[in-house]
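Atom set for the values below is all heavy atoms of this structure, side chains included, hydrogens, waters and symmetry mates excluded.
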Amino acid sequence: MGSSGQTVLQYVPSPASVSAKVHPLVIFNICDCYVRRPDQAERVIGTLLGSVLPDGTVDIRNSYAVPHNESSDQVALDIDYHQNMLTSHQKVNPKEAIVGWFSTGGVIGGSALIHEFYSREVNNPIHLTVDTEFRTGNASIKAFVSVGLSLGDQQLAAQFQEIPLDLRMVEAEQIGWGEGSKPLFRTGLFLYLQDFFSNELSLASTFDVLKPTIADKLPNDLEGMEATMERLLALIDDVYKYVDDVVEGRTAPDNKIGRFLSDTIAALPKLSPKAFDKLVNDSLQDQLLLLYLSSITRTQLSLAEKLNTAAQIL
């Protein structure tokens, strides 16, 4: 009995090994869009903006939701809204381009249609999914790329393949996440996400996510400065205590910490108290002048709006 030829199903590999990095702002924005979604919408989808780093990593830095209607067999996107939002974003951040799209929940049937649309916008787009309902009890945030499935030389379909995703924050984002999210997002979804990112960085104690304090409003500039100075003084006290313990022999010296403290002190500018007071006062006066000019501008705009409304009525 002669052997018959065999046709093998095979995956078409991606052009290159792809990984992605997502900033906390993107996750915050996606969760906010999910909370504000229409009552009849089961999920939220939108566009991811960012750039490709020199090492090939896709850096996802921004996002915006795109209105859509979805049924079992078709998906309708508001293309005009998508293009207008993209144009507006690129006026502010011209270096940010489309790198993919996001959706809440998981990968479902309609995802292939949406991915096909974004494939026309950018080559090999990233699909980011955020489980906003916490079905598994954890913050499931995943990234995918589309991989082709072929039968011989014939392209049959595409399948989503998960890629490595980095959820870590840089130092500036740690400050914004820790301070900006404390007053407003101390419950539910945002508290869990803050705890999630803190665990990623082993900074749970820094963010104090277990403290049940709820603020009614964002702190003003003076309150923010006061909180920052209190934390700075506490850190200086810790440094004093460590240095005293080393000098008294209660703690073993660490050369790495000593060099770090020496570099930190050397980086401080040498200013006399008089010069420092003048610098602070000049900066304060500049800020007060800006506040005064902005108040005048706001008053003029309000007056012009009222006059325009009165003219239309008459």
Asks: Does L279 offer a backbone N or O that forms a donor-acceptor pair with the side chain of S283 under 3.5 Å?
Replies: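 Looks like no, no N/O pair under 3.5 Å.
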Asks: Decide yes or no for F144 and T129: does some side-chain heavy atom of the first lie under 4.5 Å from some side-chain heavy atom of the second?
Replies: yes
Asks: If you round to the nearest 0.5 Å, how far is CG of L284 from CG of L289?
Replies: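 It comes to 11.5 Å.
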Asks: Would a 4.5 Å heavy-atom cut-off, applied to side chains only, mark V22 and L165 as touching?
Replies: yes
Asks: Applying salt bridge (charged side-chain N to carboxylate O under 4.0 Å, His left out) as the test, list every pair that has at least one member in residues 89-98; sequence neighbours left out.
Replies: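 Qualifying pairs: R61-E96.
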Asks: So, taking the atom named CD1 in I257 and the one named OH in Y242, what distance separates them when rounded to the nearest 0.5 Å?
Replies: 3.5 Å
Asks: Does S63 offer a backbone N or O that forms a donor-acceptor pair with the side chain of N29 under 3.5 Å?
Replies: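 Yes: the side chain of N29 pairs with the backbone of S63.
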Asks: Quick one: pull up CG in N62 and OG in S51 and give me the separation to the nearest 0.5 Å.
Replies: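 The CG atom of N62 sits 11.5 Å away from the OG atom of S51.
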Asks: Any chance you could measure H127, atom NE2, to W101, atom CH2, to the nearest 0.5 Å?
Replies: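 It comes to 3.5 Å.
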Asks: Does the pair K241/D245 count as a salt bridge with the N-to-O cut at 4.0 Å?
Replies: yes
Asks: Can you tell me how far apart CZ (R37) and CG (D32) are? Round to the nearest 0.5 Å.
Replies: 12.0 Å
Asks: Has N84 got a side-chain atom pairing as donor or acceptor with D80's backbone, closer than 3.5 angstrom?
Replies: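 Answer holds: yes.
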Asks: Please report the shortest heavy-atom distance between I114 and L77, naming the atom on each side.
Replies: CG2-CD1, 4.4 Å
Asks: Looking at T104 and V44, would you say the former's side chain and the latter's main chain have a donor-acceptor pair under 3.5 Å?
Replies: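 Indeed, once roles are kept as given, a pair shorter than 3.5 Å links the two residues.
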Asks: Counting only pairs under 3.5 Å, give me each side-chain donor-acceptor contact of residues 294-306, with atom names and distances, residues two or more places apart or in other chains.
Replies:
from : atom 1 : to   : atom 2 : distance (Å)
S294 : OG     : L290 : O      : 3.1
S294 : OG     : L291 : O      : 2.8
T297 : OG1    : L293 : O      : 2.9
T299 : OG1    : S295 : O      : 2.9

Asks: Just by modelled atom types, is the H82 backbone N or O under 3.5 Å from a matching donor or acceptor in the Y64 side chain?
Replies: yes
Asks: Working to the nearest 0.5 angstrom, can you tell me the gap between I45 CD1 and I30 CD1?
Replies: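 I45 CD1 to I30 CD1: 12.0 Å, rounded to 0.5 Å.
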